[in-house]
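Notes to accompany the following structure.
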Number of protein chains: 2
Amino acid sequence: MTTARVRDQYHHGDLEVALITTARKFVKKNGLESLSLRQIANEIGVSPSAAYHYFPDRNSLLSALGFSLFEELADYQERELAKVPGASARAARERFRNLGRTYFDWAIREPHFFNLMFSDFCLIESSMDQAREENRAYQTLVHCLDDLVETGSMDKKVRASAELLSWSVVHGTTSLIVSGHLASEDFERALDSLELALGIRK
Amino acid sequence: MTTARVRDQYHHGDLEVALITTARKFVKKNGLESLSLRQIANEIGVSPSAAYHYFPDRNSLLSALGFSLFEELADYQERELAKVPGASARAARERFRNLGRTYFDWAIREPHFFNLMFSDFCLIESSMDQAREENRAYQTLVHCLDDLVETGSMDKKVRASAELLSWSVVHGTTSLIVSGHLASEDFERALDSLELALGIRK
DNA sequence: CCCTTATCTGAACAATGTACAGATGATAGA
DNA sequence: TCTATCATCTGTACATTGTTCAGATAAGGG
C-alpha cells in the first residue's frame, strides 16, 4: 500500500536526513527557540520518539543542523567566488571583497541560520587548528588572502594577521547588523576600512 | 508573621526587580535556553502567574534582563576607564585599549550574558541613531576616540569610520572566541591590528 | 471603617522533551 | 520459501513548561 511505502523509506536511513531537512525548514521560518521535535516528527509523518534513534536529544539535532549550515555557507561562497575567475590582481581583489559580501548576504537572508551557527549549539570542542582546517569557509578565506599576496595586491607584512582581522571585521559587522546595532549600509564602509587596513592597493 | 512579611515586599513594587535579578542568576548559570519562569517564581517564593503582572511573557523578561545587561556593561567600562585618568596621549591610548579589553573580559566572564545581549531578545527596534545615543557603552567609545584625536594619537582622516571599525573588530573577535572559533590569544593580536589600522602612534 | 484598586494565588490547559516497552518490517541464513 | 534476528519505528506515559483567568488578599484613600 502507498502508506506503507512512505514508512519504508525511513527504514532505509532517510529519517536522519529528513529530520535535519525539516528542522532546517522550521528554524528558517521561526528561529531556534520555537523549534519543536514533535512538530518536526509530525511534519515528516513519524512518531515523536522516532527521532531519538538518530539524535540523543533536541540539542543534538540543532547541533547537526548548525554544522551542516557551515557546509552550506562554504558551498555558497565557493559558488560565488567561481563567478570571478582569473589570476589577475583585479580579480583577486574582487574575490576577496565578494567573499565578505557572501558572508554578509548569507546572514542577512537567513538570520536564524546565522544565529544558530554561532550559538551554544555549535560550540567548537576540537582543537582550534583542527577546527579551522575542517572549516572550508575559513580555508577559502586563506586562499583568497594568498591570492592577494601573490598578485601583489597585499603586503606580506600584514599577511600574518590578515585572516584574523578579515574574519573579525566581517563577522563583527554582520553580527551587529543582524542584531540591529548597526545599519546595513555600515557593512560596505567596514569593508572599505578593512581593505585600507590590509593595505590593499586599489 | 515572617512569611507574610516576604509577600508584603512584593506589594511595594519589588517583584519586578526580583524577577529580573533572579532571571539574571539563572541565565548566568545555565544560559537562556533553560530559563524557566516557574523556577524563577519558585525561587522568589511567588506563584507562577505572578510574573504576568510585570511582563507579558517570558520573552519580555529576557528582553528586560538583556537591556539591563547593556547598562551593566557600560557601568563596568566606565569604572575601569576611571582607573586610567589623565589627558596625556599615553593615557588616552591606554584607555582605548582597555575599553576593548573590558568588552572582551565581560563576554568571557559571562558568555551567557553576552549571548543574550546580542540575541533576538534584544533586537533594536528604535532608530539606529537614537539607539546609539542611548547606548552608553557606545558613547564611551566615541569619547575615547575623540580623546585619541585630541591628544594627537590618531589622525582625523580615520576618525569618521573609527567607531565602526573598532566595535566591529572587538565585537567580532569576542563573538568568535566565545563561540569557540578563535582562541583567546587572538584577541590581543586583533587589538594590535586595530590600532595599526587606526594609525594609532605608539 | 469601608471600598476601591493593585497585587498575587490556584487551578486549569495545551504543548513540549524524553523514556521505555513493545510492534513492525527488512534481511540474512536455512 | 520459511524463519529468526535485528534495526527501526509506534504508543503510551510522565514531568515540566508557558500562559490564561477567575477569584482571593492586602493597601491606601475617603
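Order of the sequence lines fixes the chain letters, A, B, ..., with proteins taken first and strands second; residue numbering starts at 1 for each chain.
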Between [Y] and [X], is the closest basic N to carboxylate O distance under 4.0 Å?
{"X": "A:D192", "Y": "A:R189", "answer": "no"}
{"X": "B:D147", "Y": "B:R93", "answer": "no"}
{"X": "A:R97", "Y": "A:E94", "answer": "no"}

Whole angstroms only, please: what is the [atom1]-[atom2] distance between [X] and [N]?
{"X": "A:E43", "N": "C:dA15", "atom1": "CD", "atom2": "P", "value": "17 Å"}
{"X": "B:I40", "N": "D:dT19", "atom1": "CD1", "atom2": "C1'", "value": "15 Å"}
{"X": "A:D14", "N": "C:dA26", "atom1": "CG", "atom2": "P", "value": "14 Å"}
{"X": "B:F55", "N": "D:dT20", "atom1": "CZ", "atom2": "P", "value": "15 Å"}
{"X": "B:Y54", "N": "D:dG18", "atom1": "OH", "atom2": "C1'", "value": "19 Å"}
{"X": "B:H53", "N": "D:dA22", "atom1": "NE2", "atom2": "C1'", "value": "11 Å"}
{"X": "A:D57", "N": "C:dA19", "atom1": "CG", "atom2": "P", "value": "8 Å"}
{"X": "A:L15", "N": "C:dT24", "atom1": "CG", "atom2": "P", "value": "19 Å"}

More than 12 heavy atoms from other groups under 6.0 Å of CZ on A:R159:
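Yes - once you tally the heavy atoms of other residues, nucleotides and ligands closer than 6.0 Å, there are more than 12.
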Pick the nucleotide of DNA chain C nearest each of A:N59 and B:P48; which residue has the one closer to the 5' end?
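Nearest nucleotide further toward 5': that of B:P48.
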If you pin B:A50 and A:Y52 to their nearest nucleotides in DNA chain C, which one's is more 5'?
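Nearer the 5' end of the strand: B:A50.
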When you check the side-chain N and O atoms of B:D57 and B:S60, is any donor under 3.5 Å from an acceptor?
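Checked: B:D57/B:S60 side chains pair up, N/O donor to acceptor below 3.5 Å.
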Identify, residue by residue, the members of residues 28-38 of chain A with a heavy atom below 4.0 Å from DNA chain C, and return them in order of residue number, or none.
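Under 4.0 Å from DNA chain C: A:L35, A:S36, A:L37, A:R38.
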Quick one: which of D:dG18, D:dT10, C:dT18 gets closest to the side chain of A:R58?
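Selected nucleotide (nearest to the side chain): C:dT18.
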D:dG18, D:dC9, D:dT17: which one has an atom nearest the side-chain heavy atoms of B:Q39?
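For B:Q39, the side-chain atoms sit closest to D:dT17.
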Check the pair B:Y76 / B:Y103 against ring pair (Phe, Tyr, Trp, His ring centres under 6.0 Å), numbers first and verdict last.
CA-CA 9 Å; B:Y76 173 55; B:Y103 196 96; over 10 Å; no
Side chain to side chain donor-acceptor pair (under 3.5 Å) partners for A:Q130, two or more places apart
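Partners of A:Q130 under the side chain to side chain donor-acceptor pair (under 3.5 Å) test: A:E134.
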